[in-house]
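First the structure, in the form of structure tokens, and then the observations on it.
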Amino acid sequence: MTTNDIRISAEPQMDPDVCRFVVNHTLYDGFFNCRTKAMASGSPLLEALFALPGVTAVLVSGASVTVAKSGTEEWADLARTVGETIRARVAAGGTLVAPGAAAKQPPIPGLREKVQKIFDEEINPGIAGHGGSVELKDVQGGV
């Protein structure tokens with residue numbers, strides 16, 4: 001695959017320090033919220049993104065990468081560099097995110113309870129009117 005075959009679109013988010021990049025190529029078969037350089041270790045795409053000035057977190061899932069930046073960096077320049085970095089890593093081939101990377105995610109305290117509360121108070125009352133409900137099966141790490 002050449003860099004010309006790789007298309008990336010940037011989607012600004014509600015938070016001005018976050019931008020989602022959608023690629024026409026699967027980057028990771030799973031969900032990984034990488035919050036530190038140490039967590040990125042062994043994952044070439046994540047290591048390359050954390051090497052960019054201002055990158056503070058990277059969430060990768062399927063064909064998208066969501067990047068959080070420090071408040072001092074401007075998206076005008078950083079978004080172009082993020083796109084170039086993603087394009088270069090995809091074109092290089094090989095593993096982009098280390099197998100088992102998601103296992104590095106530390107548990108988020110109270111995540112199960114927070115998700116269950118949303119199901120109980122916001123989701124299930126609306127679904128119950130149609131005879132259904134949502135059940136939380138499992139929380140592993142931050143997923």
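Treat the numbers as computed from the prediction; the structure is a model and nothing was measured. Nothing fancy with the numbering, it's 1 onward along the sequence.
Among pairs with a residue in residues 37-52, none fulfils salt bridge (Lys or Arg N to Asp or Glu O under 4.0 Å), at least two apart in sequence or across chains. Pairs passing the salt bridge (Lys or Arg N to Asp or Glu O under 4.0 Å) check and including a residue from residues 65-82, sequence neighbours excluded, read Asp17-Lys69, Asp77-Arg80.
Both Phe21 and Leu78 are assigned to one and the same hydrophobic cluster, defined by single-linkage of ILVMFWY side chains at heavy-atom distances under 4.5 Å. Cluster membership check: Leu52 shares its hydrophobic cluster with Val90, using side-chain heavy-atom separations under 4.5 Å among Ile, Leu, Val, Met, Phe, Trp and Tyr.
Among residues two or more places apart in sequence or in another chain, the salt bridge (Lys or Arg N to Asp or Glu O under 4.0 Å) test is passed with Glu11 by Arg20. Partners of Thr95 under the side-chain hydrogen bond (donor to acceptor under 3.5 Å, both in side chains) rule, at least two apart in sequence or in another chain, do not exist in this structure. Partners of Glu113 under the side-chain hydrogen bond (donor to acceptor under 3.5 Å, both in side chains) rule, at least two apart in sequence or in another chain, do not exist in this structure.
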- Take Val97 and Leu27 through the test side chain to side chain contact (heavy atoms under 4.5 Å, CB included) and record every step on the way to the result. CA-CA 7 Å; Val97 179; Leu27 305 170; 5.8 Å; no
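A donor-acceptor contact shorter than 3.5 Å links the side chain of Arg87 to the backbone of Ile6.
The CG atom of Leu49 sits 5.5 Å away from atom CD1 of Ile86, with the distance rounded to the nearest 0.5 Å. Atom CD of Gln116 sits about 10.0 Å away from atom CD of Glu121, to the nearest 0.5 Å. Note: Leu46 CG to Thr85 OG1 = 12.0 Å, rounded to the nearest 0.5 Å.
Between Gly42 and Ala98, the shortest heavy-atom contact is O-CB, 3.4 Å.
Within the 4.5 Å cutoff, side-chain heavy atoms of Trp75 are placed close to those of Val67. Residues Cys34 and Phe50 have side chains in contact (heavy-atom distance under 4.5 Å, counting atoms from C-beta outward).
The number of heavy atoms from other shown groups lying within 6.0 Å of CG (Asp29) does not exceed 12.
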Donor-acceptor contacts under 3.5 Å from residues 57-65 side chains, at least two apart:
unit_1	atom_1	unit_2	atom_2	d
Ser61	OG	Gly30	O	3.3
Ser64	OG	Ser61	O	3.1

